[in-house]
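See structure below.
Letters A, B, ... mirror the listed sequences (proteins, then strands); counts begin at 1.
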Number of protein chains: 2
Amino acid sequence: MGVRAQQKEKTRRALVDAAFNQLSAERSFSSLSLREVAREAGIAPTSFYRHFKDMNELGLTMVDEGGLTLRQMMRKGRQRAEAGGSVIRISVDTFMEVMESNPNVFRILLHERSGTSAAFRAAVEREIEHFISELAHYTEAHANRHPVLARAQAEALVTLVFNAGASALDLKRSDRKQLADQLVLHLRMVATGAEALQQKMEQKMGS
Amino acid sequence: MGVRAQQKEKTRRALVDAAFNQLSAERSFSSLSLREVAREAGIAPTSFYRHFKDMNELGLTMVDEGGLTLRQMMRKGRQRAEAGGSVIRISVDTFMEVMESNPNVFRILLHERSGTSAAFRAAVEREIEHFISELAHYTEAHANRHPVLARAQAEALVTLVFNAGASALDLKRSDRKQLADQLVLHLRMVATGAEALQQKMEQKMGS
DNA sequence: TAAATTAGCTTACACATGTACTCTGAAACG
DNA sequence: CGTTTCAGAGTACATGTGTAAGCTAATTTA
């Protein structure tokens with residue numbers, strides 16, 4: 001890659017990072033202005049357009065990076081689960097850990113999921129759908145769960161996890177620990193319920 | 001009440017209604033400007049201050065009204081449940097129905113729940129907390145559930161319901177019906193799981 | 001090496017915003 | 001009836017915004 005393209009990539013990165021850095025509990029992506037981001041990245045406002053058509057395009061790029069983080073998280077969780085132990089506990093711990101070291105990545109995902117831009121919502125939903133189907137597949141295989149139930153179970157689990165994540169983002173560490181324990185109980189309820197419903201179903205089919 | 005106070009109340013109402021009416025899938029409260037709201041209400045921008053200190057105060061008023069709607073919904077649900085039938089089904093149907101006739105009330109609750117204003121988040125959370133404790137109490141009494149489990153069950157149920165609500169808001173009627181069925185299954189999983197966990201718990205205590 | 005490309009800058013403009021200040025007419029009060 | 005109160009309007013201003021147009025200097029290309 002030429003010197004020129006290299007510098008361009010660097011500036012683009014600076015823009016994305018600037019945007020991520022401006023996110024916080026009291027600052028959402030949609031409240032950022034093009035000029036603010038450019039300022040933080042150290043370039044002139046009008047130079048922004050050399051990299052993105054508008055703020056929307058920047059945002060979608062950020063959501064994509066969020067999807068990447070999500071997939072890395074899944075991989076990490078699977079690896080840990082292979083070593084044995086409670087899958088639920090491991091998943092929750094992994095989630096909290098990854099979230100803690102990438103708070104702003106989760107901020108944009110969790111916030112824009114219920115945001116006002118249809119494009120954003122769709123992009124986030126697509127990433128979460130990955131998550132769900134992967135989890136459903138896993139449950140189907142490892143717990144021998146009926147596909148329909150596995151899907152529903154995965155949906156419920158993911159909803160609970162992401163919701164807890166949204167709450168956890170703004171908590172201090174000790175409260176977060178408590179919230180994680182709460183979440184584990186919620187997830188156990190769903191998993192146990194799915195198991196029970198499946199047995200009931202099989203009884204009916206057998207009789 | 002004097003003519004004067006009456007007129008003032010009317011204008012105040014016009015402001016609140018104007019704000020509610022401007023909400024939509026692509027327009028959140030925080031994206032509304034004071035001037036827009038005043039315009040829609042038919043008063044001069046500067047007259048806004050005769051009624052609210054700032055937009056924040058208007059928003060909190062709207063959240064309070066949302067809480068009212070929530071409590072009316074609970075009452076309606078309880079009434080219907082008394083007549084018998086699946087509590088879960090009745091609750092979901094009631095929720096969807098009330099939401100459908102007050103979409104913008106739910107919009108502000110669901111959106112500002114994960115919004116950027118701490119005051120808003122706290123206000124919404126307070127209303128939802130009502131919901132949870134009421135539901136926990138109900139389950140404790142009617143299903144004879146252990147308090148800790150009842151609480152956790154209620155938390156999970158409410159999370160799932162509100163999350164489904166957020167998704168349902170922007171769907172057409174047929175898709176909403178499907179989402180409601182999905183939600184019912186999720187809730188059944190939680191309820192069944194809570195029941196099973198309780199039995200397991202009681203066995204342990206008994207041995 | 002000469003020509004073409006382009007990332008980033010400067011300047012400029014039209015527009016929307018929140019709100020301070022002042023005025024007015026009608027209702028409320030004594 | 002005379003005085004006070006006050007909801008609402010009008011004017012004005014400082015500030016932030018997105019983005020169009022054109023320039024420059026350095027890299028890339030032929």
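Taking atom CD of residue A:Glu9 and atom C1' of nucleotide C:dT6, one finds them 16 Å apart after rounding to whole Å. Distance B:Phe48 CZ to C:dG18 P: 9 Å, rounded to the nearest Å. Look at CD1 on A:Ile43: it is 14 Å from C1' on C:dT10, rounded to the nearest Å. Note: CZ (A:Arg12) to C1' (C:dG8) measures 17 Å, nearest angstrom. When rounded to the nearest whole Å, the span between CD of A:Glu40 and P of D:dG16 equals 16 Å. Here D:dG18 presents its P atom at 15 Å from CD of A:Glu57, a figure rounded to the nearest Å. Regarding A:Tyr49, its OH atom lies at a distance of 15 Å from the C1' atom of C:dC9, rounded to whole Å. The nearest whole Å value for the distance from the NZ atom in A:Lys53 to the P atom in D:dG18 is 14 Å.
Counting only heavy atoms from C-beta on, B:Arg35 has its side chain closest to C:dT19 among D:dG8, D:dA9, C:dT19. In this structure, of D:dT17, D:dA9, D:dG8, it is D:dG8 that holds the atom nearest to the side chain of B:His51. For A:Glu36, the listed nucleotide lying nearest its side chain is D:dT17; candidates were D:dT17, D:dG8, C:dT19. With D:dG8, C:dT19, C:dG8 as the choices, the nucleotide that has an atom nearest any side-chain atom of B:Arg50 turns out to be D:dG8. If you check C:dC9, C:dT19, D:dG8 against the side chain of B:Pro45, the one that comes closest is C:dT19.
For A:Phe106 and A:Phe95, the ring centers sit closer than 6.0 Å to each other.
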Between A:Arg27 and A:Ser31, is a side-chain hydrogen bond (donor to acceptor under 3.5 Å, both in side chains) present by the stated rule, with each step listed?
-> CA-CA 6 Å; A:Arg27 210 82 161 70; A:Ser31 81; 2.5 Å; yes

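In this structure, A:Ser47 and B:Leu32 both approach DNA chain C, and ranking their closest nucleotides by distance from the 5' end singles out A:Ser47. Nearest-nucleotide positions on DNA chain C for A:Lys8 and B:Thr46 put A:Lys8 closer to the 5' end.
Between B:Ile128 and the options B:Val158, B:Thr159, B:Leu109, a side chain to side chain contact (heavy atoms under 4.5 Å, CB included) holds for only B:Val158.
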Could you go through nucleotides 28-30 of chain C and list every protein N or O atom that sits under 3.5 Å from one of its N or O atoms, giving the distance for each pair?
| residue | atom | partner | partner atom | Å |
| --- | --- | --- | --- | --- |
| C:dA28 | OP1 | B:Val3 | N | 3.0 |
| C:dA28 | OP1 | B:Arg4 | N | 3.1 |

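Here B:Arg39 lies in heavy-atom contact (under 4.0 Å) with sugar-phosphate atoms only. Residue contacts for A:Ser33: at a heavy-atom cut-off of 4.0 Å it reaches the sugar-phosphate backbone alone, with no base atom in range.
Here B:Glu195 pairs with B:Arg145 in a salt bridge; the nearest charged N to carboxylate O distance falls below 4.0 Å.
Look at B:Gln7 and you'll find a side-chain N or O under 4.0 angstrom from OP1 or OP2 of D:dG8. For B:Thr11, a side-chain nitrogen or oxygen approaches OP1 or OP2 of D:dG8 to under 4.0 Å.
Aromatic ring orientation, B:Phe52 versus B:Phe48: tilted (interplanar angle from 30° to 60°).
Atom CZ of residue B:Arg121 and atom CZ of residue B:Arg113 lie 12.0 Å apart, to the nearest 0.5 angstrom.
Side chains of A:Leu23 and A:Ser28 form no contact here, defined as non-hydrogen atoms less than 4.5 Å apart.
In this structure, a donor-acceptor pair under 3.5 Å is present between the side chains of A:Thr11 and A:Gln7.
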